[in-house]
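Bear in mind the structure is a predicted one, so any value in this text is a computation, not a measurement. Order of the sequence lines sets the chain letters (A, B, ...), proteins ahead of strands, with each chain counted from 1.
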Amino acid sequence: MENGKDRNEGTPINFIQEAINEDNLTGRYGGRVHTRFPPEPNGYLHIGHAKAICIDFGMAEKYNGLCNLRFDDTNPSKEDTEYVESIKEDIRWLGFKWDGLYYASDYFDIMYDCAVRLIKKGLAFVCDLSADEIREYRGTLTEPGKESPYRNRSVEENLDLFSRMKAGEFPDGSRVLRAKIDMASPNINMRDPVIYRILRAHHHRTGDKWCIYPMYDFAHPIEDMVENITHSLCSLEFEDHRPLYEWVVNNVGLEAKPRQIEFARLNMNYTLTSKRKLLQLVKDGYVKGWDDPRMPTISGMRRRGYTPEAIRDFCDRIGVAKTSSTVDIALLEHCIREDLNRRAMRVMAVLRPLKVVIDNYPEDLVEEFDAENNPEDPQAGSRKVPFSKVVYIEQEDFCENPPKNYFRLSPGREVRLKHAYLIKCEHVVKDEKTGEILELHCSYDPETRGGNAPDGRKVKGTIHWVSAAHAVEGEVRLYENLFLDPNPGEEREGESFLDYLNPNSLEILNSCKFEQALAEAQPGSRYQFLRMGYFCADAVDMKKERPVFNRIVPLKDSWAKAVSKG
RNA sequence: UGGGAUGUAGCCAAGUCGGUAAGGCACCAGACUUUGACUCUGGCAUUUCGUUGGUUCGAGUCCAGCCAUCCCAGCCA
């Protein structure tokens, strides 16, 4: 790290690295860096978690340290193994390898012992107040709380009661174990926080062994200590909990002294990153599942066609800081375009076909043209594309009464069919009743084979096409933002985030014409459909007989922008 | 006069002994172009760093006050 810069890139170091550098300098952890990513298995990971993952694993990577994956499964009423499997898959897919794979539930015995130790030190007590009473006793943001009448029970009584809580002698909610700290603390988290509750729920790993479960504030530092974590990185909302984290670290009788550091979580416009609301979208059928390509989940983005490289690049670019911020989704789109521009094979696909008959082209002739697979990558080579008398072009590439500066096809005008010939529109066949354009009749100039006119005349427009005789028909799914509102998470008076759903977030095109190569597309493989965007063969619905592609992101379109501006 | 945190461009974000505002995205203009893509060039905070004062030869950086925004009153994490 020279000049405050990162080793490899020119990116400046962030405040977490500063803290770690400081610790390394003072020898606080003997130069060790051991982080952890601690998801609760109660939902699918989303783009916000991707940031956290990149930070947790990334810091370990940068310092040749370790990063554990730890499921923070201390609340069995919400958790499920379905989620742990998806989380593991998502992390692997992002390209990270965890050092240890652990579960908070592995430490339930240790946590219980820690609680007993606290009781013995007079630092915890069993409280019989009801949940409502505890809330009342807690005070408010501006007034101190008052002490529980059970606060001064003897160590012996507390020990007895707590062991009977564990033994299942008391009903759910009837008692809790609380840390004895300070009911007058200005920090509400320190007002004798509950650290154990009675909860009879089947745990996905420990089954029915326990009927008491530790609370996050008590469990998390212990998990970190047990795993010998050095830097416990979490999001800003836990900043207020740090004094309690430290209280537990210092009082629970374990050796390790991990350090909690908080950073701002990711918000992105037009995007929701609330697990609860995402769950609702799935459960109530607003989307087709956690992996619906419109979802900001890792699995949704994967299905959509995002690459792990693009997501990681995005996470690098947004930086790490403590300012609550909302990143523009345009940056994410830029990252995937940049990645795919380098790597994706170019192909021709007509999404909204318009039939074009080339009147002067021989009836049965089929020519093959060389088409480069990727102009950005000469190594990608080329392929043959068949051409014949009838081709399909994009409906939007023809305009009967073209606006100024339109340089695609229009009556009497010439355009280039990419890789093939210059064609000129001779006449338009329309439905007499509706006026709908049914097909175009064009002529081609045999001298322009390959797309160049020997007389040197310039043709500004180049459009893509597919030979009708050789086309494969299939489906394309066009996605837009799931929400119309830039900040769907913030519900205005009397409204719900559901009111902000974009009714056009999915458009299905059923009669798209693909060049032949696309019938062989491997599910999950990505292409650039020339002039249209980046697309991904759907991982589950792709069939050779009927290809199905998801639009990952459209290409930038300065013409469309100019048109919309008028 | 509850506590904690944060305020640098439309959006992120550097700026760490005070020395004269990085970079990216977006946007605008132009060049190139057999993708209106890509690429390239130029522009984009010089009465300016939330704001007002102060210290100083000099302040985004130091000091004081004020303002705004976010988080916290789960037996959720």
task = Provide the distance between the two C1' atoms, one in B:A45 and one in B:G3, to the nearest whole Å.
result =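 My reading of the C1' atoms in B:A45 and B:G3 gives 35 Å.
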- Message: Between the base of B:U39 and the side chain of A:E376, is there a donor and acceptor pair under 3.5 angstrom?
- Response: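 Not at all, since no donor on one side and acceptor on the other fall under 3.5 Å apart.
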**Prompt:** Is the base of B:G74 syn or anti, where syn means the angle lies within 90° of 0?
**Reply:**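 It is syn.
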Give the ring-plane orientation class for A:Y216 versus A:H241, where under 30° counts as parallel, over 60° as perpendicular and anything between as tilted.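 Plane angle over 60°, so perpendicular.
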Checking all strands, does [X] fall into the base, sugar-phosphate, or nothing category for heavy-atom contacts under 4.0 angstrom?
X: A:Y196; value: nothing
X: A:T74; value: sugar-phosphate
X: A:R175; value: nothing
X: A:V320; value: sugar-phosphate

Point to revise | Near-parallel close stack of A:Y216 and B:A77 base (under 5.5 Å, under 30°) | key: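 According to the criterion (under 5.5 Å, under 30°), no, A:Y216 does not stack.
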Per-nt protein contacts along nucleotides 1-7 of chain B (heavy atom under 4.0 Å; B base, S backbone sugar-phosphate only, - none) come out as -BBSSSS
**Study point:** Carboxylate-amine/guanidinium contact A:K277 A:E491, below 4.0 Å
**Key:**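 Yes, charged N to carboxylate O under 4.0 Å.
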NZ/NE/NH1/NH2 to OD/OE distance under 4.0 Å, A:E414 and A:R457:
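A salt bridge is present here (some side-chain N lies under 4.0 Å from a carboxylate O).
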Check: Rounded to the Å, how far apart are A:H220 NE2 and B:A77 C1'?
Finding: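 Interatomic distance, NE2 of A:H220 to C1' of B:A77: 9 Å.
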State whether A:K460 places a side-chain N or O below 4.0 Å from either non-bridging phosphate oxygen (OP1 or OP2) of B:U33.
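No.
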Next on the checklist: Using the rule given for ring-ring contact (aromatic ring centres under 6.0 Å, His included), can you reason through A:F238 versus A:Y245, listing the C-alpha separation, both sets of side-chain angles and the distance that settles it, and then say yes or no?
Outcome noted: CA-CA 9 Å; A:F238 294 103; A:Y245 181 97; 9.9 Å; no
